[in-house]
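The next block holds one structure in the form of structure tokens; read it before the comments.
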Amino acid sequence: MMDANARPPHSLLFPASISERAREAYWADLKLYLEATVRPRLRPIYEREVRPALVERLGREPDRHEIAGAMLEVDENRWWYLLRTQSQRRAFDATRAIVERQLPQLHERAAALGNGPGSLELDPELKVPAYLQVQAHCMDGGYTGEGGADMLAAGATYDRGMTLHRMGTQGWLCDDVGRSLVAWIQQRFPDFAPRRILELGCTVGHSLLPFKQAFPKAEVLGVDVAGPVLVYGRARAAALGVDVHFSQQNAEKTSFEDGSFDLVFSRILLHETGEGAIPAVFAECNRLLRPGGLMFHSDAPQFDQLDPYTASLRHWDIAFNHEPYMSEYYAMPLETMFEAAGFDPDAMFRASAPSLRLTEGAVRPEETRSGGSYFLAGAWR
Amino acid sequence: MTDQPQIFADPNLERLGLALSALVAEVSILSERMAAVLALAEERGLFGEADVEAYLPDDARSHKWQQARQALIANVFQPLVPEGDG
């Protein structure tokens, strides 16, 4: 298998020493083993032992909460929870240690890259919303780099972690989601040619850059509340020579003019925000779009798309992976909320964009946490 | 220990699991390092696996290796040890 240390996908990702990368790879491989090999073996235990007992006790089929609770009594699943949590945490720790040792190199490279073709606008006065988790998915410091003053470390840790912890299943530029979503849009709506595109919660630009690459004539912008991931994102975009613009703003209320975008989207943003923020984000999308513009939000599928056992698997993320808002977000009636934000029910859709990496045969479905496709829900303005 | 919620009723079992996963990390890292050293030595025509097996360290090296061993033990068994400086 190709190693991103031997052939870094861009010039801000530096090779680690053999001990560092063996440590990082161990925890990443343990995660992959737990996801791809161990977790599928837990379902037969549920079907064989846990479900019949629950049905007998309740007199009906159990819901996701009851399943998650009962499965935590199963020793094999307890070991999975324990090791999965530990591997998640330690993989990010290993990555952060590498990034911290490489910080002088990283700063030197970022300075040499300059601004690149894109731009960056920071707002030091912007208030970081209380819902933003300092330890989002067990990554110490989260997206804002809390506890450390370095402006590149949080983004570099997130980028290196996302790239290497999934062993390249997202592609070495971590762009399978973005590429797959934009490919789906181009195939489904071949006449749609957005001139101005905005991603809400873009972090370092993993999903943003593919939109510029697919719509090269469009002006492509990304906002995020976390400044450090944008600083790194600008440097990364410069390293890749992609012309995108980063701006530190809150997706609930941006500074852009009414009707100034053709496409506004988010990817794995909404489950990081609280219940209060989401209606405001949808209303902001409606305000920002021109008539005929498109809004979509891509995240893991809503609970109503899943069987109760599959839905119960999110319990680990919610309770152990510092993703407390997943529980309420995935239960939200998205279409009702889109309508409340001003979108027409007849112009809404839900879809599943097939993973290009899967279609290309580069990964197996069980190696992807998404099962090989990316859920999206949206509406035309 | 971290601030994560308890999974097993018996905290000792939990600590043992964390120690085990850390131990395998060390074994995995060591194996890769050793493989790299051997690959380099063989590529450069210096020595092979049998030479490594027969090697005897001097006192200074023995001391250094002991320190490394103690650090390994402290790292692997950290989840079983109470927090603080003692």
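Chain naming here is simple, since letters A, B, ... match the order of the sequence lines and numbering starts at 1 in each.
Between A:Y330 and A:D299, the side chains place a donor N or O and an acceptor N or O closer than 3.5 Å (distance only, hydrogens not considered). Between the side chains of A:H10 and A:D159, a donor-acceptor pair is found at a separation under 3.5 Å.
Interface summary for chain A: among B:A9, B:S28, B:A22, B:S21, the most heavy-atom pairs under 4.5 angstrom belong to B:S21.
Interface residues of residues 65-76 of chain A toward chain B, defined by a heavy-atom distance below 4.5 Å and sorted by number: A:L72, A:D75.
Considering only residues two or more places apart in sequence or on other chains, A:Y329 meets the ring-ring contact (aromatic ring centres under 6.0 Å, His included) condition with none of them.
Ion pair A:R96/A:D93 not flagged as a salt bridge, since none of the NZ, NE, NH1 or NH2 atoms sits closer than 4.0 Å to an Asp/Glu carboxylate oxygen.
The closest side-chain heavy-atom distance from A:V38 to A:Y33 is below 4.5 Å.
Both tests do not hold together for A:R51 against A:Y309: distance to the six-membered ring centre under 6.0 Å, angle to the ring axis within 45°.
For a residue to count as touching a neighbouring chain, one of its non-hydrogen atoms must lie under 4.5 Å from one of that chain's; by this rule A:W79 touches chain B with backbone and side chain alike. Neither the backbone nor the side chain of B:L30 comes within contact range of chain A; no heavy atom of the residue lies under 4.5 Å from a heavy atom of that chain.
Of the residues listed (A:R23, A:E24, A:R21, A:R160), the one engaging A:T95 in a side-chain hydrogen bond (donor to acceptor under 3.5 Å, both in side chains) is A:E24, and it is the only one.
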